[in-house]
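Structure first, commentary second.
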Amino acid sequence: MGYEKPLPAPDPETEPFWNGCRDHKLLIQRCGSCGTHRFPPTSYCPTCQSGEVDWVEASGRGRVFSWIVVRHPVPKEVYADDVPYTVAIVTLEEGVRMVGNLVGIDPDRVTADMPVVVRFDNVTDDITLPAFAPAGA
Amino acid sequence: MFNARDKCAIAGVGYTQYSKKSGRTVRSLASEACLKAIEDAGLDVADVDGFVSFNFNDSVPAIAVATELGVPEAGYAVDFLAGGNAANLIVLNAVAAIQSGLAKTVVCYRAMNGRSGFRLGGGRQMAAHGITQFTAPFGWITYPQAMAMWCRRHMIEYGTTNEQLGSIAVTMRNNAALNERAMQRQPISIDDYFNSRQIVDPFRMLDICLESDGACAVVVTSAEHARDLKQKPVYVGGGAYGGGPQQGEDLFDAIRWPDHSHNYSKYIAKDLWASAGVGPEDVDLALIYDCFTYSIVMQLEGFGFCKEGEGGPLAASGAIARDGDIPVNPHGGLLSEAYIHGFNHVVEAVEQLRGQSGPRQIKDAEIALTTAGAMTCGSAMVLHS
Ligand SMILES: [Zn+2]
């Protein structure tokens, strides 16, 4: 049986990010004009409206901003074997936020501001998803 | 800022039965609610020249209802592709259309088979395009999962508790017990709340609104015209629509939102109250969009009924009960009456302000707040008799 969970459909704006994940590099955009980091990827900088973009590798370190623990699977048949699982919004050191699963920790032990580092999960031949694990684990 | 204070009024309301399985088309539900609202106002379909609705690709266009009802001059038929954030916006849009001369008398409605047809709370497509690339692949898919992420932030920032959320669920159910059209009228206790199934921490089943089939509608016309009609007019005293910066690329996305312990209400409250010339202290009852228990907490704070962080304790204090300082959702809300995407709140506000709410009537209700939306974008109105 193949991979049944939602898979990202890379587009011209997001392809560099997903290519980076496949190489186990966490890439985010940095404005070529004012230097502000941004994520998710867009064509224009919301700070200065410049269209100049550089892709830079993030440190991969961040802190848990918020999280949920999914206990009731939706769709049931897709996530039945995964619950309970944790989804977090992580604030990266560069100041942007990113969503990912928290791995390597009991869902009941997650705390706010907990330091985490990126991990990469090769879910198909083409797609690697970023995830986050407790720093130092 | 909305500058049409008391220029227009709601002259009629109508609604279908709220159920889990209507066995009918969405168009049929919409037409029933609209026709009842027109009749309630003492009007004929020929007196109506506008229809405004909102949908999530789960309903029928306004012109379809005008066609079914045989409206001879449906000049202003407008649909918003939107979520609950538009449930007050459609009335404000009708006011704008009337004020500008684009229409004279407008029926606003929301119709859905939200349980037996397309379920908003369910999963989405498995191929994640656009902004969904950065949410769904991690199993972050449903609206309860989205809003749980917001609620956690409030717990982190302010120590809000499940006991407080549970008290909201209990209050809404107690209110619904007095409402003959409510889908859930069996009273619950705080123990029932804690015994309800854990869906997605920090939410349990009883933190989450119902799913409903049904429709409801209101007739909006000029205040002058409304005064000549059958019912006591309910005036649109003020209104606002919007949210803050970085609202995101769709209703789900809030990755760039400043902090999820505050929602749109914080950003539109000032304009809302200024447009109406009243403040939260003047309101006799509040119809607050309650897709989740937590949604009420953020809006009590955002609209100024208490300070930021005090919404949980305020809700748990009894203040939002029918006999409290600020009765909230005397019909039982989306949590216990029905989920007609928030538009049933407008119907309840009108009936309360007319004094027609029977056993759940809030005594001497003259000014009501209605709100719509829970996340980065929403709308609200001040209605009064
Ligand atoms: Zn810039």
Side-chain angles (χ1 to χ4, degrees), chain A residues 3-11 13-15 17-18 21 38-42 46 64-79 82-91 96-103 107-108 110-113 121 123-124 127-132, chain B residues 119-159 196-205 207-208 245-250 252-261 294:
Chain A
Y3 186 79
E4 292 186 314
K5 295 173 189 169
L7 277 173
D11 58 44
E13 284 177 327
T14 66
E15 205 165 26
F17 175 80
W18 294 114
C21 285
R38 66 181 193 262
F39 186 86
T42 52
V64 171
F65 176 71
S66 191
W67 77 98
I68 59 171
V69 182
V70 178
R71 298 188 185 273
H72 173 69
V74 182
K76 200 168 197 164
E77 60 281 9
V78 177
Y79 288 98
D82 291 299
V83 290
Y85 65 90
T86 306
V87 186
I89 299 179
V90 170
T91 307
V96 301
R97 294 198 200 121
M98 191 177 287
V99 178
N101 292 114
L102 276 187
V103 297
D108 292 326
V110 179
T111 55
D113 286 329
D121 184 9
V123 297
T124 71
I127 294 293
T128 295
L129 297 178
F132 295 91
Chain B
R119 298 174 69 181
L120 274 168
R124 301 198 279 179
Q125 281 192 348
M126 289 296 111
H129 296 275
I131 190 66
T132 307
Q133 289 171 69
F134 301 106
T135 56
F138 311 105
W140 197 35
I141 294 171
T142 69
Y143 281 99
Q145 292 166 0
M147 205 67 189
M149 196 73 91
W150 288 63
C151 186
R152 177 81 68 187
R153 275 305 302 176
H154 208 273
M155 292 175 158
I156 294 167
E157 292 273 335
Y158 302 115
S196 73
R197 184 156 48 132
Q198 291 179 292
I199 302 296
V200 47
D201 297 358
F203 286 159
R204 294 168 185 279
M205 184 65 103
D207 285 301
I208 301 171
Q246 297 292 303
Q247 290 180 30
E249 297 179 32
D250 64 16
F252 192 100
D253 170 33
I255 297 171
R256 289 156 284 195
W257 184 248
D259 193 342
H260 305 70
S261 57
Y294 170 57

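To find a chain, count down the sequence lines: A is the first, B the second, and so on, and within it residues start at 1. Atom set for the values below is all heavy atoms of this structure, side chains included, hydrogens, waters and symmetry mates excluded.
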Qualifying residues under salt bridge (Lys or Arg N to Asp or Glu O under 4.0 Å), relative to A:R97, sequence neighbours excluded: none
Between A:V123, A:V69, A:T42, which residue shows the highest count of heavy-atom pairs closer than 4.5 Å to chain B? A:V69
Main-chain N/O of A:F65 paired to B:R153 side chain as donor or acceptor, under 3.5 Å: yes
For A:P130, which atoms come within 4.5 Å of any heavy atom of chain B: side chain, backbone, both, or neither? both
Donor-acceptor pair, distance only, cut-off 3.5 Å: does the side chain of A:S66 make one with the backbone of B:M149? yes
All heavy atoms of A:P40 vs all of B:I255, minimum pair found to be CG-CD1, 4.0 Å
Would you indicate whether the side-chain heavy atoms of B:R152 and A:V64 approach each other to under 4.5 Å? no
List the steps, then state whether side chain to side chain contact (heavy atoms under 4.5 Å, CB included) holds for B:W140 with A:I68. CA-CA 9 Å; B:W140 197 35; A:I68 59 171; 3.4 Å; yes
Under the criterion side chain to side chain contact (heavy atoms under 4.5 Å, CB included), I'd like the reasoning laid out for B:H129 against A:D11: C-alpha separation, chi angles, the key distance, then a yes or no. CA-CA 8 Å; B:H129 296 275; A:D11 58 44; over 6 Å; no
Which one of B:Q246, B:H260, B:M205 has the most heavy-atom pairs closer than 4.5 Å to chain A? B:H260
For the candidates A:W67, A:F17, A:Y85, which exhibits the highest count of non-hydrogen atom pairs separated by less than 4.5 Å from chain B? A:W67
For the atom pair CD (B:Q133) and CH2 (A:W18), what is the distance rounded to the nearest 0.5 Å? 6.5 Å
On a heavy-atom basis, which atom in B:F138 and which in A:L129 lie closest, and how many Å separate them? CE2-CB, 4.1 Å
Pick one of side chain, backbone, both or neither for B:I199, based on which atoms fall under 4.5 Å of a heavy atom in chain A. both
Residue list, ring pair (Phe, Tyr, Trp, His ring centres under 6.0 Å) with B:Y294, at least two apart or on another chain: B:H154
Minimum heavy-atom distance A:P75-B:I141, with the two atoms named: CD-CD1, 4.4 Å
Select, from A:P107, A:P41, A:P46, the one with the greatest count of heavy-atom pairs under 4.5 Å involving chain B. A:P41
Using heavy-atom distances under 4.5 Å, tell me whether B:R197 contacts chain A through its side chain, its backbone, both, or neither. side chain
How many angstroms lie between OG1 in A:T14 and CZ in B:F134, if you round to the nearest 0.5 Å? 5.0 Å
Would you mind reporting whether A:P6 and B:T132 have side-chain heavy atoms less than 4.5 Å apart? no
Region of A:A88 that comes under 4.5 Å of a non-hydrogen atom in chain B: backbone
With only heavy atoms counted, which part of A:T111 is less than 4.5 Å from chain B, the side chain, the backbone, both or neither? neither
